[in-house]
Amino acid sequence: MKPINTLTYLVREVAASEMMPYFLKTAHSRKDDGSVLSQADMATQNALVFRLPQIIAAPVLGEEMSAAQQQQLWQSADVGLWVIDPLDGTNNFVNGIPHFAISVAYVQGGRAMLGAVYNPVSDECFYAVRGEGAWLNDTPLPLRRVSKKLHEAVAGVETKRLRSAKLVNSINYFLPVGTMRNMGSSTLDWCYLAAGRYDVYVHGGQNLWDYAAGALILEESGGLLTTLEGDDFWSGLHAFKRSVIAAGQPELFEKWVAWVRKNQ
């Protein structure tokens, strides 16, 4: 069985056995940065740390590890490393909002080579292999590509992480799109853009585990991406925190990047 097929089977199985038994029941606490940590996060991470090396023999970097552990593990990225977010959207999860996901990527040479993002409530598994395409369950992505003007676009926007007050104000008062969404799961934002549910996207700074699988899925669906700083998305020294400007279609990408950069 191909690694990607084994991976999609694994994320479904781990979600069913380790995550969903806690849905609507889980206790939770706050981490040092103020974000929510639930029993489901730790149970899911522990299962993935144990089982992912059976697919590809490589260490596993998880969101719920310490910063020192993460930095140490990142030294393995050139030869191969699993990067996981065991439960992206924990706030949604503990409040009973059915929008959250497991995200897993295999990273080599600083770039994701295969990845999967799975929402167990909708039973939607988005996955991709570099150079081979992207899928939702067994359907190739994108699901749809409707030609749109920028003022008709659905935008995924997270203003909380944007460091530019000018850009935040411009988004709040002059955003040149049709409508804006922020649903509390960065990994699913990427997948919605790849599927054609969103048209454009901007985020001021995602962690490695937030973007590793989703950025690959978007690229392999034909989407385009860069950063607020203007470099090649996968390049640069700051892999653990990366901004993004992205779109599903080239004509929207050019206009969207121009507007965002002009207003930062």
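The figures here come from the full heavy-atom set of this structure, side chains too, leaving out hydrogens, waters and symmetry mates. Each residue takes its place number in the sequence, starting with 1.
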Asker: Looking only at non-hydrogen atoms, find the nearest pair between Val117 and Gly214 and report the distance.
Answerer: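 Where Val117 meets Gly214 most closely, the heavy atoms are CG2-N, 4.5 Å.
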Asker: Could you give the distance from CG (Leu188) to OH (Tyr118), rounded to the nearest 0.5 Å?
Answerer: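 Separation between the atoms: 12.0 Å.
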Asker: Where is the tightest heavy-atom contact between Gly110 and Trp234, given as atom of each residue plus distance?
Answerer: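 Smallest interatomic distance, heavy atoms only, reads O-CE3, 3.5 Å.
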Asker: Look only at the side chain of Asn137 and the backbone of Cys125, and say whether a donor-acceptor pair between them is shorter than 3.5 Å.
Answerer: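 Side chain of Asn137 to backbone of Cys125: a pair is present.
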Asker: Could you check if a side-chain atom of Thr44 sits within less than 4.5 angstrom of a side-chain atom of Ile102, using non-hydrogen atoms only?
Answerer: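 Yes. Closest side-chain heavy atoms under 4.5 Å.
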Asker: Out of curiosity, Gln39 CD to Met19 CE, how far, rounded to the nearest 0.5 Å?
Answerer: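 Gln39 atom CD to Met19 atom CE measures 13.5 Å (nearest 0.5 Å).
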Asker: Is a donor on one side and an acceptor on the other found under 3.5 Å between the side chain of Gln70 and the backbone of Met65?
Answerer: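 Flag set: sc Gln70 to bb Met65 pair under 3.5 Å.
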Asker: Take Glu18 and Arg12 through the salt bridge (charged side-chain N to carboxylate O under 4.0 Å, His left out) test and state the conclusion after the steps.
Answerer: CA-CA 10 Å; Glu18 307 297 336; Arg12 290 176 183 273; over 6 Å; no
Asker: Would you please test Leu141 and Ile217 for side-chain contact (heavy atoms from CB on, under 4.5 Å) and show each step?
Answerer: CA-CA 9 Å; Leu141 294 176; Ile217 292 166; 3.9 Å; yes
Asker: Tell me, with the steps shown, if Asn263 and Phe174 meet side-chain contact (heavy atoms from CB on, under 4.5 Å).
Answerer: CA-CA 10 Å; Asn263 285 278; Phe174 307 110; 5.9 Å; no
Asker: Partners of Arg111 by side-chain hydrogen bond (donor to acceptor under 3.5 Å, both in side chains), sequence neighbours excluded?
Answerer: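 Counting only residues at least two positions away or on another chain, Arg111 forms a side-chain hydrogen bond (donor to acceptor under 3.5 Å, both in side chains) with Asp232.
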Asker: CG/Leu175 to CG/Asn169 distance, rounded to the nearest 0.5 angstrom?
Answerer: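 With rounding to 0.5 Å, CG (Leu175) is 12.5 Å from CG (Asn169).
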Asker: Is there side-chain contact between Gln206 and Trp190, with at least one heavy-atom pair below 4.5 Å?
Answerer: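 Yes; the side chains approach each other to less than 4.5 Å.
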Asker: Would you check if the side chain of Asp88 reaches a backbone N or O of Thr187 as a donor-acceptor pair within less than 3.5 Å?
Answerer: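 Checked: pair present.
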Asker: Does Val104 belong to the same Ile/Leu/Val/Met/Phe/Trp/Tyr cluster as Leu208, with side-chain heavy atoms less than 4.5 Å apart forming each link?
Answerer: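 They do share one cluster, since a chain of ILVMFWY contacts under 4.5 Å joins Val104 to Leu208.
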Asker: Is a donor from one side chain sitting under 3.5 angstrom from an acceptor on the other, for Arg181 and Thr179?
Answerer: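 Their side chains do contain a donor-acceptor pair, which is all the 3.5 Å distance test asks for.
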Asker: Indicate yes or no: at least one non-hydrogen side-chain atom of His151 is less than 4.5 angstrom from one of Val177.
Answerer: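 Sidechains of Val177 and His151: no contact.
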Asker: Kindly determine whether Leu162 and Ile171 satisfy side-chain contact (heavy atoms from CB on, under 4.5 Å), including the steps that lead there.
Answerer: CA-CA 10 Å; Leu162 293 171; Ile171 286 171; 3.5 Å; yes
Asker: So do Ile245 and Val200 actually touch side chain to side chain, heavy atoms under 4.5 Å?
Answerer: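 No, side chains not in contact.
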Asker: With rounding to the nearest 0.5 angstrom, report the OH to NZ distance, Tyr211 to Lys241.
Answerer: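 Here the rounded value is 10.5 Å.
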Asker: Could you check whether any side-chain N or O of Glu220 sits under 3.5 Å from a backbone N or O of Gly133, counting only pairs where one atom can act as donor and the other as acceptor?
Answerer: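 Yes.
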Asker: Just by distance, do the side chain of Gln264 and the backbone of Ala165 share a donor-acceptor pair under 3.5 Å?
Answerer: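 Checked: no pair found.
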Asker: May I have the list of side-chain donor-acceptor pairs in residues 2-10 shorter than 3.5 Å, sequence neighbours left out?
Answerer:
unit_1 : atom_1 : unit_2 : atom_2 : d
Thr6   : OG1    : Lys2   : O      : 3.2
Thr8   : OG1    : Ile4   : O      : 3.4
Thr8   : OG1    : Asn5   : O      : 3.0

Asker: Are any non-hydrogen side-chain atoms of Tyr22 and Met42 less than 4.5 angstrom apart?
Answerer: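 They are not in side-chain contact.
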Asker: State whether the number of non-hydrogen atoms from other residues, nucleotides or ligands found under 6.0 Å of Glu152 atom CD is greater than 12.
Answerer: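 Enclosed: over 12 neighbouring heavy atoms sit under 6.0 Å from CD of Glu152.
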Asker: Applying side chain to side chain donor-acceptor pair (under 3.5 Å) between Ser243 and each of Glu229, Arg163, His203, report the one that passes.
Answerer: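 Exactly one pass, corresponding to Glu229.
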Asker: Thinking salt bridges, do Glu251 and Lys149 make one under a 4.0 Å N-O criterion?
Answerer: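 Looking at Lys149 together with Glu251, the answer is no, because their closest N to O distance does not fall below 4.0 Å.
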Asker: Is the Phe240 ring parallel, tilted or perpendicular to the Trp209 ring (thresholds 30°, 60°)?
Answerer: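 Rings of Phe240 and Trp209: perpendicular, over 60°.
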Asker: Check whether the side chains of Gln249 and Trp256 place a donor and an acceptor atom closer than 3.5 Å, and report yes or no.
Answerer: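 Note: Gln249 and Trp256 side chains miss the donor-acceptor criterion.
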Asker: Report whether Phe126 and Val244 are members of the same hydrophobic cluster (ILVMFWY, side-chain heavy atoms less than 4.5 Å apart, transitive linking).
Answerer: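 Yes, Phe126 connects to Val244 through the hydrophobic network.
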Asker: Applying the 4.5 Å side-chain criterion to the ILVMFWY set and letting contacts propagate, would Leu216 and Phe233 be lumped into a single cluster?
Answerer: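 No, separate clusters.
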Asker: Give me the one residue out of Asp85, Asp41, Asn95 that meets side chain to side chain donor-acceptor pair (under 3.5 Å) with Thr90.
Answerer: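 The passing option is Asp41.
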Asker: List for me each residue that meets side-chain hydrogen bond (donor to acceptor under 3.5 Å, both in side chains) alongside Lys148, sequence neighbours excluded, and say none if there are none.
Answerer: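 Only Asp199 meet the side-chain hydrogen bond (donor to acceptor under 3.5 Å, both in side chains) criterion with Lys148.
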Asker: For the side chain of Arg197 and the backbone of Val154, is there at least one donor-acceptor N/O pair under 3.5 Å apart?
Answerer: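 Judged by distance alone, no pair lies under 3.5 Å.
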Asker: Return the CG to CG distance between Leu136 and Asn119, rounded to the nearest 0.5 Å.
Answerer: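 Between Leu136 CG and Asn119 CG, I get 10.5 Å after rounding to 0.5 Å.
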Asker: Just verifying a value: how many Å separate Ile84 CD1 and Gln45 CD, rounded to the nearest 0.5 Å?
Answerer: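 Output value for this atom pair is 4.5 Å.
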Asker: With a 3.5 Å distance limit and no angle check, can you tell me whether Gln69 reaches the backbone of Ser66 through a side-chain donor-acceptor pair?
Answerer: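 Yes, the answer is positive, given that a donor and an acceptor are paired below the 3.5 Å cut-off.
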Asker: So, are Arg242 and Asp210 salt-bridged, with charged N and O less than 4.0 Å apart?
Answerer: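 Judged by the 4.0 Å cut-off on N to carboxylate O distance, Arg242 and Asp210 do not form a salt bridge.
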Asker: Kindly determine whether Met113 and Val129 satisfy side-chain contact (heavy atoms from CB on, under 4.5 Å), including the steps that lead there.
Answerer: CA-CA 6 Å; Met113 305 308 291; Val129 178; over 6 Å; no
Asker: Is it possible for you to check whether Arg51 lies under 6.0 Å from the centre of the six-membered ring of Trp82, through NZ or CZ, and within 45° of that ring's axis?
Answerer: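 No, Arg51 does not sit over the ring of Trp82.
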Asker: Would you confirm whether Tyr106, through its side chain, and Val83, through its main-chain N or O, come within 3.5 Å as a donor-acceptor pair?
Answerer: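 Such a contact is absent between Tyr106 side chain and Val83 backbone.
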Asker: Once you measure the plane-to-plane angle for Tyr192 and Tyr198, does it fall in the parallel (<30°), tilted (30-60°) or perpendicular (>60°) bin?
Answerer: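 Tyr192 vs Tyr198 ring planes: perpendicular.
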Asker: Do Tyr201 and Val157 sit in one hydrophobic cluster, given that two such residues count as connected whenever their side-chain heavy atoms are within less than 4.5 Å of each other, even indirectly?
Answerer: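 In one cluster with Tyr201: Val157, no.
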Asker: Look only at the side chain of Ser221 and the backbone of Leu218, and say whether a donor-acceptor pair between them is shorter than 3.5 Å.
Answerer: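 Yes, the answer is positive, given that a donor and an acceptor are paired below the 3.5 Å cut-off.
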Asker: Identify whether Trp74 and Ile56 are in the same connected component of the hydrophobic contact network (ILVMFWY, side-chain heavy atoms under 4.5 Å).
Answerer: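 Per the 4.5 Å side-chain linkage, Trp74 and Ile56 are co-clustered.
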